[in-house]
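Counting convention: from 1, in listed order, for ligands and their atoms alike.
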Amino acid sequence: KRRIGVMTSGGDSPGMNGAVRAVVRMSIHMGCESYAIYEGYEGLVQGGDLIKEMHWEDVRGYLSRGGTLIGTARCMAFMERWGRLKAAKNMVDRGIDALVICGGDGSLTGADKFRAEWPSLLKELVETGELTQAEVDPFQHLNIVGLVGSIDNDMSGTDATIGCYSSLERICSAVDDVFDTAASHQRGFVIEVMGRHCGWLALMASIATGSDFVFIPEKPPRVGWEDQMCDIIATHRKRGKRRSIVIIAEGAHDRELNKITANQVKDLLTQKLNLDTRVTVLGHTQRGGHACFYDRWLSTLQGVEAVKAVLDATPETPSPVITIRENKIERSNLMETVALTKSVSAAIAAKDFDKAMQLRDVEFKE
Ligand code: ADP
């Protein structure tokens, strides 16, 4: 019986539990054994109780729960070869030679590195007497399959990451709440949302709530934005709007890559427009809460596809990541997808914002 491990790693996102549930149940359905690796790569490195066989009923109720019930962590040990050696030993000890990892680009990069190193890790474990040749012989290849779990929707090559729509829903509802109080007092609000280097959450929330102005990293405002923003808001006020809302991505900056902060925008609105303005940083409420319909659906279909990808893999197959494009669940080359994602950050760092926008939209086919 094949043994398939499943773990969540990096920042948590709603829908990760749905992914774990689908991988566990599909593995069992396909006649495999399923193992949950608790606390991300920490569980792989430490082994013991952190690697646990999962049965059908162990994931009951997982679909609707927020966060990740099998835990996640940032694990420094896995960044080092000695940590990956321990992880390889734990996997061989438990007979696991396939891993489905739900996480962001960091976690998926680490996973592919582990796969590439796998033969040399086993060789070293035999040479140092930790394992015998007979013990490692059945485990010559490690299969890695990635699922993208992130609220930021920051992975190229996929239309949505698991968790982004749940987070967007929470942001919209929080902005609606702020609207009520803003309109009552005729106030301005600057609302900071998450997204790291990606403006998707800010941009979508801005469209969905009809905000007055938005700041995203991929398309910084033009020079003189301070006056432009104030003019727009003043015009809206003249038309009778009783509240002003500006949404700012946490990674916002100007065209020279100087950070633009929520407080800076607030001070402008206060000083230039004499507007009673407050800052609201939505913070971690954006990560929490139950998974919305879309994330339950996406994580379930992608979890099923991940197990199929494990069973289809040959030693020559490059690690896949499960994506969704135009409503179809697909497999893409994991490292190419990660490289494309990194090229967006590189374009921003090079101040090539047109390219950054274009890359975010790119239709990426293998
Ligand atoms: P995310 O997956 O959300 O991008 P991180 O970048 O923090 O989050 O990665 C999560 C974990 O994945 C790290 O703490 C580390 O254990 C592992 N990891 C990330 N990058 C690498 C890498 N290049 N090599 C090995 N492990 C890595």
of all protein heavy atoms, closest to atom 11 (C) of ligand 1 is Ser9 OG, 3.8 Å
Within this structure, what is the CD1-OG1 distance for the pair Ile233 and Thr277, rounded to the nearest 0.5 Å? 8.0 Å
If you measure every N/O of Gly110 against every N/O of ligand 1, is any gap under 3.5 Å? no
Closest non-hydrogen protein atom to atom 10 (C) of ligand 1, residue and atom name please, with distance? Ser107 OG, 3.4 Å
Contact check: Cys75 vs ligand 1, nitrogen or oxygen atoms, below 3.5 angstrom: yes
Is it the side chain (CB and beyond), the backbone, both or neither of Arg74 that lies under 4.0 Å from ligand 1, heavy atoms counted? both
Is there a polar contact between ligand 1 and Tyr41, counting only N or O atoms under 3.5 Å apart? no
Would you compute the distance between atom CE of Met155 and atom CG of Leu147 and round it to the nearest 0.5 angstrom? 10.5 Å
Name the closest protein heavy atom to atom 6 (O) of ligand 1, giving the residue it belongs to and the distance to 0.1 Å. Gly106 CA, 3.4 Å
Arg84 side-chain N/O to Phe114 backbone N/O, donor-acceptor pair under 3.5 Å: no
Numbering as shown, the atoms of ligand 1 that approach Lys113 to under 4.0 Å (heavy-atom distance): 23 (N), 24 (N)
Are Phe215 and Trp225 an aromatic pair by the rule of ring centers under 6.0 Å? yes
For ligand 1, is there an N or O atom under 3.5 Å from any N or O atom of Arg84? no
Classify the side-chain pair Asp137/Gln133 by whether it contains a donor and acceptor separated by less than 3.5 Å. yes
Distance filter under 4.0 Å to Asp105 heavy atoms, resulting ligand 1 atoms: 4 (O)
Is Glu169 atom CD crowded by more than 12 heavy atoms from other residues, nucleotides or ligands, each under 6.0 Å away? no
Is it true that Trp56 and Tyr62 have ring centroids separated by less than 6.0 Å? no
Going hydrophobic residue to hydrophobic residue with side-chain gaps under 4.5 angstrom, can you get from Leu298 over to Val24? yes
Close-contact set for ligand 1 against Gly11 heavy atoms, below 4.0 Å: 3 (O)
Under a 4.0 Å threshold between the charged nitrogen and the carboxylate oxygen, would Glu117 count as salt-bridged to Arg81? yes
From the candidates Met79, Glu42, Glu117, Arg81, the one that places a heavy atom nearest atom 27 (C) of ligand 1: Met79
May I ask you to check whether Ala73 has an N/O atom sitting below 3.5 Å from an N/O atom of ligand 1? no
